[in-house]
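Each remark here refers to the structure printed beneath this line.
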Amino acid sequence: MSHAAAKPMSSRPGKPLSGTASVPGDKSISHRALILGALAVGRTHITGLLEGQDVLDTGKAMQAFGATVERLGPGEWTVDGVGVGGFAEPAGVIDCGNSGTGVRLIMGAMATTPITATFTGDASLSKRPMRRITDPLALFGADITAREGGLLPVTIKGVQDPVPVRYATPVASAQIKSAVLLAGLNAPGQTVVIEKEPTRDHSERMLAGFGATITTKTTDEGRVITLTGQPELRAQTVAVPRDPSSAAFPVAAALIVPGSEIRVPGISRNPTRDGLYVTLAEMGADLTWENDREEGGEPVADLIVRHSALKGVQVPADRAASMIDEFPVLSVIAAMAEGDTVMNGVAELRVKESDRIDAMAKGLRANGVEVDETRDSMTVHGQGRIPGGGVPVATHLDHRIAMSFLVAGLAADAEITVDDGAAIATSFPDFVPLMTGLGADLG
Ligand SMILES: O=C(O)C1=C[C@@H](OP(=O)(O)O)[C@@H](O)[C@H](O)C1
Ligand SMILES: C=C(OP(=O)(O)O)C(=O)O
């Protein structure tokens with residue numbers, strides 16, 4: 001992704017949306033399936049893998065560390081793992097492209113093996129904070145150098161005889177938690193992560209699925225996750241469920257385009273990922289869940305969404321982690337609602353692929369929507385309409401900013417343009433055909 005040419009895109013109001021939106025595999029689970037597959041003994045077989053650039057970059061990295069990663073067909077992959085502690089030293093630099101999850105989890109996975117690796121990424125990833133990962137990895141004994149400010153490129157000299165770590169995450173972040181747990185895999189004894197707010201628990205679920213001993217207890221300190229180090233992970237069959245964060249885009253479009261009704265099958269109902277859906281219900285969204293079931297160790301259901309008259313709400317800070325990637329598109333939905341929507345406790349949005357509070361506020365204002373922001377909150381003054389017709393929105397290599405504004409244009413009074421939609425391929429390569437298949441006018 002590092003040198004992709006800018007790709008201006010636009011969307012405009014049109015007919016109601018209808019049909020089935022089969023969104024791709026979950027990005028978080030896809031990264032973890034490749035990484036744990038690489039650390040297991042035997043051949044892991046994955047179906048429904050997200051073939052977005054972020055995940056493909058993680059697959060390439062696992063190859064560079066000595067695993068064999070092969071594509072059998074669409075979404076169907078195998079990983080022949082090297083076992084915990086079996087990573088080989090990569091011959092070249094590990095380029096994680098646009099992916100915070102990829103780079104941070106892989107740093108954790110290699111830091112307790114006596115090999116050296118250098119990590120880079122694109123212009124967006126190169127601005128994102130890495131000390132939050134390198135600080136706890138240094139506690140295991142890894143020797144780490146970073147560019148000034150704790151930024152990429154980062155070089156990690158993994159430690160031969162790591163010590164286990166007890167670490168309280170300073171911010172709610174599944175990436176920090178997961179990096180520490182993955183490093184703890186090759187440390188003797190028990191590695192403990194404590195998080196005040198629950199964050200997505202895919203690492204815990206999948207580590208248990210691959211045979212690790214891992215427990216989670218809720219205490220006064222928060223969630224205490226304890227992993228017993230040096231397990232033999234055994235290869236698994238992983239069916240990746242569909243991504244609720246990708247589903248948020250067609251769901252949002254159906255809610256705000258008059259006359260729409262769509263079906264979105266197989267959406268995760270994992271409580272660590274469902275904050276957007278809780279919020280939408282409070283706003284008055286017409287959501288019907290059907291066929292509750294389990295897929296790939298995750299609770300899922302099918303969702304039917306109809307266009308709805310929505311009202312603004314207060315989103316509490318303690319819900320932020322469970323919908324952290326959905327705030328950009330929520331701010332579009334909020335603009336189409338009546339009244340103010342206040343999103344609290346969202347400072348982490350400032351260190352994603354872009355400063356998402358700033359990017360959404362500027363793009364919405366340019367398209368006639370009033371927005372206020374503080375360091376860790378954003379308020380959208382909903383007026384039941386988005387005028388649109390603004391100058392092209394700057395997306396800053398951020399897929400979710402691009403998709404959010406393309407959804408906004410479907411319900412705006414006039415066309416909305418983004419300066420660059422190339423980054424959409426990092427998480428949702430078939431976004432355009434999926435949306436046009438529902439009847440949307442965008443591209
Ligand atoms: O662990 C993960 O797979 C992710 C965790 C979140 O990041 P943080 O841990 O930085 O909040 C999220 O924003 C990202 O898209 C995926
Ligand atoms: C923040 C995101 O991803 P990452 O941190 O993996 O780049 C995202 O997909 O919205």
Side-chain angles (χ1 to χ4, degrees), residues 9-18 21 244-262 264 275-288 303-315 319 323 325-343 346 349 356-357 359-373 377-390 393 395 400-418 431 435 438-442:
M9 293 175 73
S10 58
S11 61
R12 50 211 73 78
K15 56 180 195 245
L17 304 182
S18 64
S245 301
S246 298
F249 297 101
V251 166
L255 284 173
I256 64 176
V257 175
S260 299
E261 175 174 333
I262 66 164
V264 194
L276 175 71
Y277 299 92
V278 173
T279 303
L280 293 177
E282 290 174 0
M283 295 175 86
D286 184 346
L287 306 176
T288 308
L303 176 59
I304 295 151
V305 191
R306 297 184 188 87
H307 170 253
S308 306
L310 300 169
K311 60 176 196 305
V313 292
Q314 286 271 343
V315 187
R319 193 183 295 160
M323 54 180 295
D325 294 340
E326 284 67 81
F327 285 104
V329 78
L330 176 65
S331 67
V332 169
I333 301 169
M336 291 297 294
E338 293 288 347
D340 292 353
T341 292
V342 186
M343 304 167 217
V346 293
L349 295 181
R356 289 180 169 166
I357 297 177
M360 289 311 300
K362 288 203 171 101
L364 285 169
R365 286 179 195 133
N367 284 289
V369 179
E370 264 186 69
V371 181
D372 290 321
E373 60 183 285
S377 76
M378 172 158 66
T379 300
V380 175
H381 301 286
Q383 294 190 359
R385 65 181 277 257
I386 299 173
V393 174
T395 55
R400 298 206 197 275
I401 302 302
M403 290 188 279
S404 295
F405 281 102
L406 291 172
V407 164
L410 302 177
D413 300 341
E415 181 171 272
I416 290 184
T417 302
V418 299
F431 174 72
M435 294 301 293
L438 299 173
D441 184 1
L442 59 78

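Computed from a predicted model, the values in this text were never measured in an experiment.
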Check: Checking side chain to side chain contact (heavy atoms under 4.5 Å, CB included) for the pair Ile256/Val332: CA distance, chi angles, key distance, verdict?
Finding: CA-CA 9 Å; Ile256 64 176; Val332 169; 4.1 Å; yes
Next item on the list: Take Glu326 and Ser245 through the test side chain to side chain donor-acceptor pair (under 3.5 Å) and record every step on the way to the result.
Entry: CA-CA 6 Å; Glu326 284 67 81; Ser245 301; 2.8 Å; yes
Item checked: Residue pair Leu330, Met343: steps toward the side chain to side chain contact (heavy atoms under 4.5 Å, CB included) verdict -> CA-CA 9 Å; Leu330 176 65; Met343 304 167 217; 4.2 Å; yes
Next item on the list: Please report the C-alpha distance between Thr341 and Thr379 in whole Å, then the side-chain angles of each, then the deciding distance to 0.1 Å, and finally whether the side chain to side chain contact (heavy atoms under 4.5 Å, CB included) criterion is met.
Entry: CA-CA 6 Å; Thr341 292; Thr379 300; over 6 Å; no
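Going from atom CZ of Phe405 over to atom CE of Met360 covers 3.5 Å, rounded to the nearest 0.5 Å. Rounding to the nearest 0.5 angstrom, the gap separating the CG atom in Leu406 from the CZ atom in Phe249 is 9.5 Å. The CG atom of Asp372 sits 12.0 Å away from the CD1 atom of Ile357 when rounded to the nearest 0.5 Å. Summarising the geometry, atom CG belonging to Leu287 is positioned 10.5 Å from atom CD1 belonging to Ile304; distances are rounded to the nearest 0.5 Å. Here CD of Glu338 is found 9.5 Å from CG of Leu310. Values are rounded to the nearest 0.5 Å. Residue Phe327 holds its CZ atom at 11.5 Å from CZ of Arg356, rounded to the nearest 0.5 Å.
Nearest approach of Ile333 to Met283, heavy atoms of both residues: CG2-CE, 4.3 Å. Across all their heavy atoms, Ala337 and Gly312 have their closest contact at CB-N, 4.0 Å. Closest non-hydrogen pair, Val369 versus Ala335, comes out as CG1-CB, 3.7 Å. Taking every heavy atom of both residues into account, Pro13 and Ala412 meet most closely at CG-O, 3.2 Å. For Gly363 against Asn367, the heavy-atom pair with the smallest separation is O-ND2, 3.0 Å. Here the shortest heavy-atom pairing between Arg319 and Gly275 reads CD-O, 3.7 Å.
Counting heavy atoms from C-beta on, the side chains of Val371 and Met378 come closer than 4.5 Å. Residues Leu442 and Leu410 have side chains in contact (heavy-atom distance under 4.5 Å, counting atoms from C-beta outward). Put simply, the side chain of Val305 does not reach to within 4.5 Å of the side chain of Thr288, judged on heavy atoms. With contacts defined as side-chain heavy-atom distances shorter than 4.5 Å, the pair Leu280/Val251 qualifies. By the 4.5 Å heavy-atom criterion applied to side chains, Met9 and Thr417 are not counted as neighbours. A heavy-atom distance below 4.5 Å is found between the side chains of Ile262 and Pro250. Between Ile416 and Ser10 the shortest side-chain heavy-atom distance does not fall below 4.5 Å.
By the 6.0 Å contact criterion, CD on Glu370 is open, its count of non-hydrogen atoms from other residues, nucleotides or ligands being 12 or less. Counted within 6.0 Å of CD on Glu415, heavy atoms from surrounding residues, nucleotides or ligands total more than 12; the atom is thus considered enclosed.
If you check the side chains of Arg306 and Ser260, you find no donor sitting under 3.5 Å from an acceptor. Looking only at atom types and distance, the side chain of His307 has no donor-acceptor partner in the side chain of Asp286 under 3.5 Å away.
Look at Lys362 and Glu373 and you find no salt bridge, because none of the NZ, NE, NH1 or NH2 atoms lies under 4.0 Å from a carboxylate O.
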